[in-house]
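Below: one structure, written as structure tokens.
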Amino acid sequence: KIGLTLVKGGLAGAIGLESAEDGRLFVIEQGGRIVILSGGSVVGTFLDISAKVSCCTERGLLGLAFHPQYASNGRFFVRYTNPAGNLVISEFHVSSNPNKADPASEMILLTIPHPTFANHNGGRIKFGPDGYLYIGTGDGGSGGDPLNHGQSLATLLGKMLRIDVDHSSGSTPYGIPASNPFIDQAGKRPEIWAYGL
């Protein structure tokens, strides 16, 4: 028998839940906050970047992923839409207080232009078992992908991206896994893992 049990109500625009594998749950609020739940209660705000986030409808703080070695390196990654509507993937670090991130530690890894429509931004980011960060991007908006982003290999919209956050390439603060399908191909973005999404 399957049922639902309310763990915590009253959260503002809760759209996601992640774990740091230490018993705490981190709730993503679309407006730009990440709050910590422990024992069914909010124990504090882990990160508040609401001043950097364009919200709401399909925009906002849309993703959170903890580095596979978070317990030792304190690195985590978020994905949000900025006031210009662009998609941003950023790295942050936890502060000396394990319940507080250091908001000044932000390093923007990737900004993806999303200028025309406000919808279809994508959302989740997640580390795969290979240790790479996977980023699902929306097609850029409107209905039926009128700008054909999903099929174009020259844009990062409408894709599943895969990047290596542990190695920079020199020109970017992340590396490209050698097995990505479009690496070193002219006119094709090497971050793309899958397209037509």
Side-chain angles (χ1 to χ4, degrees), residues 11-38 41-56 59-114 121-138 156 160-177 190-191 193:
L11 295 165
I15 61 165
L17 183 71
E18 296 292 339
S19 169
E21 306 296 334
D22 60 6
R24 296 175 300 164
L25 296 176
F26 294 75
V27 179
I28 305 163
E29 293 183 334
Q30 190 175 1
R33 289 193 326 153
I34 299 169
V35 299
I36 302 174
L37 285 183
S38 183
S41 298
V42 174
V43 296
T45 298
F46 182 64
L47 179 68
D48 186 346
I49 57 169
S50 53
K52 298 181 176 200
V53 172
S54 169
C55 185
C56 284
R59 290 179 171 175
L61 177 58
L62 302 174
L64 166 66
F66 290 96
H67 191 280
Q69 282 80 52
Y70 177 76
S72 60
N73 66 25
R75 298 168 67 198
F76 67 96
F77 301 81
V78 300
R79 180 254 179 74
Y80 62 90
T81 52
N82 67 17
N86 300 322
L87 312 180
V88 178
I89 309 299
S90 282
E91 176 180 341
F92 285 88
H93 291 254
V94 70
S95 72
S96 58
N97 177 347
N99 287 332
K100 293 285 185 185
D102 176 3
S105 67
E106 181 176 22
M107 178 175 67
I108 295 175
L109 301 182
L110 188 57
T111 301
I112 303 170
H114 192 287
N121 297 288
R124 295 290 301 273
I125 57 176
K126 202 76 173 170
F127 281 92
D130 53 14
Y132 298 132
L133 183 63
Y134 288 76
I135 304 160
T137 65
L156 298 179
M160 180 64 68
L161 312 179
R162 187 175 77 151
I163 62 173
D164 181 352
V165 299
D166 292 322
H167 300 93
S168 65
S169 70
S171 60
T172 60
Y174 56 85
I176 303 297
E191 297 92 343
W193 176 247

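Because the structure is predicted, anything quoted here is derived from the model rather than measured. Residue numbers start at 1 and run along the sequence shown.
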### Task
Using side-chain contact (heavy atoms from CB on, under 4.5 Å) as the criterion, list what pairs up with Asn82, not counting sequence neighbours.
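Asn82: side-chain contact (heavy atoms from CB on, under 4.5 Å) contacts with Tyr80, Ala84, Asn86, Val88, Thr111.
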If you define the side chain from C-beta out and look only at heavy atoms, does anything of [X] sit under 4.5 Å from [Y]?
X: His93; Y: His67; result: no
X: Tyr174; Y: Glu191; result: yes
X: Arg24; Y: Asn99; result: yes
X: Leu110; Y: Leu156; result: yes
X: Ile163; Y: Thr172; result: no

### Message
If you take the centroid of each ring, where Trp contributes its six-membered ring, are Phe76 and Phe26 closer together than 6.0 Å?
### Response
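No, the ring of Phe26 stays outside the 6.0 Å limit from the ring of Phe76, centre to centre.
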### Message
Looking only at the aromatic ring of each residue, does the gap between the centers of Phe46 and Phe92 stay below 6.0 angstrom?
### Response
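So the answer is no for these two rings.
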Enter the distance from [X]:[atom1] to [Y]:[atom2] here, rounded to the nearest 0.5 Å.
X: Ile125; Y: Leu62; atom1: CD1; atom2: CG; answer: 9.5 Å
X: Thr137; Y: Arg79; atom1: OG1; atom2: CZ; answer: 7.0 Å
X: Arg75; Y: Tyr70; atom1: CZ; atom2: OH; answer: 12.5 Å
X: Asn121; Y: Arg59; atom1: CG; atom2: CZ; answer: 6.5 Å
X: Cys56; Y: Leu61; atom1: SG; atom2: CG; answer: 10.5 Å
X: Ile108; Y: Glu91; atom1: CD1; atom2: CD; answer: 12.0 Å

### Query
Looking at Arg33, Lys100, Glu29, which hits side chain to side chain donor-acceptor pair (under 3.5 Å) with Thr45?
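Looking at Arg33, Lys100, Glu29, the match for Thr45 under the side chain to side chain donor-acceptor pair (under 3.5 Å) is Arg33.
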### Query
Are the side chain of Thr81 and the backbone N or O of Ser54 linked by a donor-acceptor pair below 3.5 Å?
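Pair found, side chain donor or acceptor close to backbone of Ser54.
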### Message
Quick one: does any side-chain atom of Ser41 pair with a main-chain N or O of Val43 as donor and acceptor, under 3.5 Å?
### Response
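Checked: no pair found.
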### Query
Does any donor atom in the side chain of Asp48 or Ser50 lie under 3.5 Å from an acceptor atom in the other side chain?
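The criterion, which ignores hydrogens and geometry beyond distance, is satisfied for Ser50 and Asp48.
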### Query
How far apart are the closest heavy atoms of Pro98 and Ser96, and which atoms are they?
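Smallest heavy-atom distance, with atoms named: CD-O, 3.6 Å.
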#### Entry: Residue pair Asp22 / Ser19: nearest heavy atoms and the distance that separates them
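Asp22 and Ser19 have their closest heavy atoms at N-OG, 4.4 Å.
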